[in-house]
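Below is a structure I'd like to ask you about.
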Amino acid sequence: DFNEDLRDGMVVQTTIKYYRGFLKNSQSSTQPKILTNQLGVSFVPISSNSHVKVSFLIHYGAPAGSFNNWAWDSVTIRNFQGFIVANSNTNADQSVTNANATAGNTMGDVATNSDFRCAPITNTFIDESPDIDVAGTGQIKYIVAVRPYGAQPNLDNNEFSINTIYQEADNRPKYCSFIMAEEIFKKA
(Lines give C-alpha, C1' and ligand atoms only; values in the text may rest on other atoms or scores of the structure.)
Protein backbone atom coordinates (compact mmCIF):
# COMPACT_ATOMS: atom_id res chain seq x y z
CA ASP A 1 0.00 0.00 0.00
CA PHE A 2 1.54 3.28 -1.15
CA ASN A 3 0.09 5.14 1.84
CA GLU A 4 1.92 2.88 4.32
CA ASP A 5 5.25 4.34 3.18
CA LEU A 6 4.11 7.94 3.64
CA ARG A 7 4.15 10.04 6.80
CA ASP A 8 2.08 13.06 7.77
CA GLY A 9 3.72 16.26 6.58
CA MET A 10 5.63 14.72 3.65
CA VAL A 11 5.50 16.62 0.37
CA VAL A 12 4.33 13.99 -2.12
CA GLN A 13 4.19 16.10 -5.27
CA THR A 14 4.99 19.60 -6.42
CA THR A 15 3.83 21.54 -9.45
CA ILE A 16 5.09 24.95 -10.48
CA LYS A 17 4.31 27.37 -13.30
CA TYR A 18 6.73 30.12 -14.28
CA TYR A 19 5.56 33.13 -16.25
CA ARG A 20 8.36 34.96 -18.04
CA GLY A 21 6.18 36.92 -20.44
CA PHE A 22 4.94 40.49 -20.21
CA LEU A 23 1.28 41.19 -19.59
CA LYS A 24 -0.57 44.50 -19.94
CA ASN A 25 -4.11 44.57 -18.58
CA SER A 26 -6.73 47.25 -19.16
CA GLN A 27 -9.69 45.47 -17.60
CA SER A 28 -11.85 47.38 -15.11
CA SER A 29 -10.71 47.09 -11.51
CA THR A 30 -14.24 46.09 -10.48
CA GLN A 31 -13.45 42.60 -11.77
CA PRO A 32 -10.16 40.87 -10.93
CA LYS A 33 -8.02 39.68 -13.83
CA ILE A 34 -7.77 35.90 -13.44
CA LEU A 35 -4.42 34.78 -14.86
CA THR A 36 -5.41 31.26 -15.94
CA ASN A 37 -2.91 31.02 -18.80
CA GLN A 38 -0.11 32.91 -17.09
CA LEU A 39 -0.16 31.77 -13.44
CA GLY A 40 -2.26 28.66 -12.90
CA VAL A 41 -1.28 25.18 -11.66
CA SER A 42 -3.22 21.94 -11.28
CA PHE A 43 -2.64 18.33 -10.26
CA VAL A 44 -4.52 15.17 -9.29
CA PRO A 45 -3.98 14.62 -5.54
CA ILE A 46 -2.47 11.37 -4.28
CA SER A 47 -4.54 11.42 -1.09
CA SER A 48 -8.03 12.79 -0.48
CA ASN A 49 -6.88 14.04 2.94
CA SER A 50 -3.91 16.08 1.73
CA HIS A 51 -3.29 19.71 2.50
CA VAL A 52 -1.77 21.96 -0.16
CA LYS A 53 0.90 24.59 0.35
CA VAL A 54 0.49 27.36 -2.23
CA SER A 55 3.22 29.95 -2.87
CA PHE A 56 3.30 32.71 -5.45
CA LEU A 57 5.31 35.71 -6.55
CA ILE A 58 4.19 38.24 -9.13
CA HIS A 59 5.98 41.38 -10.29
CA TYR A 60 3.44 44.22 -10.57
CA GLY A 61 3.68 47.55 -12.37
CA ALA A 62 1.26 50.27 -13.49
CA PRO A 63 1.31 53.17 -15.96
CA ALA A 64 2.17 56.73 -15.04
CA GLY A 65 -0.77 59.05 -14.77
CA SER A 66 -3.40 56.31 -14.61
CA PHE A 67 -6.31 56.39 -12.20
CA ASN A 68 -4.98 53.41 -10.28
CA ASN A 69 -2.20 55.53 -8.77
CA TRP A 70 0.33 52.72 -9.29
CA ALA A 71 -1.32 50.59 -6.60
CA TRP A 72 -2.95 47.18 -6.34
CA ASP A 73 -6.05 46.40 -4.35
CA SER A 74 -5.72 42.65 -3.99
CA VAL A 75 -4.03 39.55 -5.27
CA THR A 76 -6.06 36.40 -4.70
CA ILE A 77 -5.80 32.68 -5.31
CA ARG A 78 -8.78 31.10 -7.09
CA ASN A 79 -9.79 27.44 -7.43
CA PHE A 80 -10.88 25.60 -10.59
CA GLN A 81 -14.36 27.15 -10.34
CA GLY A 82 -12.91 30.65 -10.12
CA PHE A 83 -13.83 31.09 -6.45
CA ILE A 84 -11.38 32.57 -3.95
CA VAL A 85 -9.66 29.87 -1.89
CA ALA A 86 -10.96 30.09 1.68
CA ASN A 87 -7.61 29.83 3.47
CA SER A 88 -5.98 32.58 1.44
CA ASN A 89 -7.19 34.97 4.17
CA THR A 90 -10.83 35.41 3.19
CA ASN A 91 -13.41 33.98 0.82
CA ALA A 92 -15.33 37.23 0.41
CA ASP A 93 -14.97 39.18 -2.82
CA GLN A 94 -16.40 42.66 -2.37
CA SER A 95 -15.47 44.07 -5.73
CA VAL A 96 -15.87 47.77 -4.92
CA THR A 97 -14.32 47.72 -1.44
CA ASN A 98 -10.55 47.94 -1.32
CA ALA A 99 -8.27 45.54 0.57
CA ASN A 100 -10.68 42.58 0.63
CA ALA A 101 -10.13 39.01 -0.55
CA THR A 102 -6.39 39.14 -0.58
CA ALA A 103 -3.84 36.37 -0.53
CA GLY A 104 -0.99 38.83 -0.81
CA ASN A 105 -0.25 42.42 0.07
CA THR A 106 -2.90 45.08 -0.33
CA MET A 107 -2.77 48.58 -1.74
CA GLY A 108 0.94 48.93 -2.37
CA ASP A 109 2.39 52.02 -4.01
CA VAL A 110 4.80 51.08 -6.81
CA ALA A 111 5.76 54.57 -8.04
CA THR A 112 5.89 58.17 -6.94
CA ASN A 113 6.01 61.05 -9.40
CA SER A 114 8.23 59.78 -12.23
CA ASP A 115 9.92 56.97 -10.28
CA PHE A 116 8.59 53.82 -11.97
CA ARG A 117 8.87 50.46 -10.26
CA CYS A 118 7.86 46.85 -10.65
CA ALA A 119 6.93 45.65 -7.16
CA PRO A 120 7.04 42.01 -6.04
CA ILE A 121 3.87 40.68 -4.39
CA THR A 122 4.26 37.33 -2.67
CA ASN A 123 2.64 35.00 -0.16
CA THR A 124 2.52 31.38 1.02
CA PHE A 125 -0.42 29.68 2.69
CA ILE A 126 -1.82 26.21 3.49
CA ASP A 127 -5.11 25.11 1.95
CA GLU A 128 -6.43 22.57 4.48
CA SER A 129 -9.57 21.78 2.49
CA PRO A 130 -8.67 21.82 -1.20
CA ASP A 131 -11.58 21.92 -3.62
CA ILE A 132 -11.36 18.89 -5.93
CA ASP A 133 -13.07 18.83 -9.31
CA VAL A 134 -14.99 15.62 -8.57
CA ALA A 135 -17.35 16.01 -11.53
CA GLY A 136 -14.56 16.43 -14.05
CA THR A 137 -10.84 15.79 -13.93
CA GLY A 138 -10.38 15.09 -10.22
CA GLN A 139 -7.78 17.86 -10.14
CA ILE A 140 -7.01 20.59 -7.65
CA LYS A 141 -6.31 23.91 -9.34
CA TYR A 142 -4.96 27.26 -8.17
CA ILE A 143 -4.94 30.48 -10.20
CA VAL A 144 -3.56 33.93 -9.36
CA ALA A 145 -6.00 36.82 -9.81
CA VAL A 146 -5.06 40.51 -9.64
CA ARG A 147 -7.36 43.45 -9.01
CA PRO A 148 -5.74 46.88 -9.33
CA TYR A 149 -6.66 49.62 -6.92
CA GLY A 150 -8.78 52.20 -8.71
CA ALA A 151 -9.38 55.78 -7.74
CA GLN A 152 -12.22 55.44 -10.24
CA PRO A 153 -13.00 51.71 -9.82
CA ASN A 154 -15.88 51.55 -12.30
CA LEU A 155 -13.81 52.74 -15.25
CA ASP A 156 -11.81 50.54 -17.61
CA ASN A 157 -8.60 52.55 -17.32
CA ASN A 158 -7.24 50.97 -14.12
CA GLU A 159 -4.38 49.34 -15.98
CA PHE A 160 -1.50 47.25 -14.70
CA SER A 161 1.36 45.11 -15.96
CA ILE A 162 3.16 41.98 -14.85
CA ASN A 163 6.91 41.30 -15.06
CA THR A 164 8.03 44.82 -15.94
CA ILE A 165 6.93 48.41 -15.49
CA TYR A 166 4.00 49.42 -17.68
CA GLN A 167 6.29 51.61 -19.81
CA GLU A 168 7.97 48.53 -21.26
CA ALA A 169 11.19 49.25 -23.13
CA ASP A 170 14.14 47.20 -24.39
CA ASN A 171 16.43 48.52 -21.65
CA ARG A 172 13.98 47.65 -18.86
CA PRO A 173 14.55 44.46 -16.86
CA LYS A 174 12.09 41.59 -17.27
CA TYR A 175 11.15 39.51 -14.25
CA CYS A 176 9.84 35.98 -13.76
CA SER A 177 6.63 35.40 -11.77
CA PHE A 178 5.49 32.00 -10.51
CA ILE A 179 2.90 29.98 -8.62
CA MET A 180 3.73 26.68 -6.88
CA ALA A 181 1.51 24.08 -5.22
CA GLU A 182 2.88 21.31 -3.00
CA GLU A 183 0.70 18.42 -1.87
CA ILE A 184 1.35 17.66 1.82
CA PHE A 185 0.30 14.14 2.77
CA LYS A 186 -2.09 13.65 5.67
CA LYS A 187 -3.37 10.26 6.74
CA ALA A 188 -7.09 9.77 7.20
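Side chains are part of it too, since the values below use all heavy atoms of this structure and drop only hydrogens, waters and symmetry mates.
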### Task
Answer whether the closest heavy-atom distance between the side chains of Leu35 and Val146 falls below 4.5 Å.
yes

### Task
Indicate whether the side chain of Tyr142 and that of Asp127 have a donor and an acceptor atom separated by less than 3.5 Å.
yes

## Note on the structure
Correct closest heavy-atom pair for Gln13 and Pro45 would be NE2-CA, 3.8 Å

### Query
How long is the gap from OG on Ser47 to CG on Asp8, to the nearest 0.5 Å?
9.0 Å

### Message
Return the CG to CD distance between Leu23 and Gln38, rounded to the nearest 0.5 Å.
### Response
5.0 Å

### Query
Would you say the side chain of Asp131 lies within less than 4.5 Å of the side chain of Ile140, judging by non-hydrogen atoms?
no

### Query
Looking at CD1 of Ile34 and CD1 of Ile143, how far apart are the two atoms once the value is rounded to the nearest 0.5 Å?
6.5 Å

### Query
Atom NZ in Lys33, atom CZ in Phe160: separation rounded to 0.5 Å?
7.0 Å

### Query
Hey, are the side chains of Thr15 and Lys141 touching, using non-hydrogen atoms and a 4.5 Å cut-off?
no

### Message
Restricting to non-hydrogen atoms, name the atom on Ser55 and the atom on Thr124 that form the minimum distance, rounded to 0.1 Å.
### Response
OG-OG1, 3.1 Å

### Query
Are Met180 and Ile121 connected in the hydrophobic side-chain network, where two residues link if heavy atoms are under 4.5 Å apart?
no

### Summary
When rounded to the nearest 0.5 Å, the distance separating NZ of Lys17 from OG of Ser42 is 9.5 Å

### Message
Is there a side-chain contact between Ile16 and Val41 in this structure, where contact means two heavy atoms from C-beta onward sitting under 4.5 Å apart?
### Response
no

#### Entry: Test item: Cys176 and Arg20 side chains (from C-beta on) under 4.5 Å apart, heavy atoms
yes

### Query
Under 3.5 Å, side chain of Ser177 to main-chain N/O of His59, donor-acceptor pair present?
yes

### Query
With Tyr19, which of Ile179, Leu39, Leu57, Asn37 fulfils side chain to side chain contact (heavy atoms under 4.5 Å, CB included)?
Leu39

### Query
What distance do Asn163 atom CG and Phe22 atom CZ have between them, rounded to the nearest 0.5 Å?
9.0 Å

### Query
Hey, would you say the Phe56 and Phe178 ring centroids sit under 6.0 Å apart?
no

#### Entry: Residue that, paired with Lys53, satisfies salt bridge (Lys or Arg N to Asp or Glu O under 4.0 Å) out of Glu182, Glu128, Glu183
Glu182

### Summary
In terms of heavy-atom contacts, Val144 and Ile58 come closest through CG1-CG2, 4.1 Å

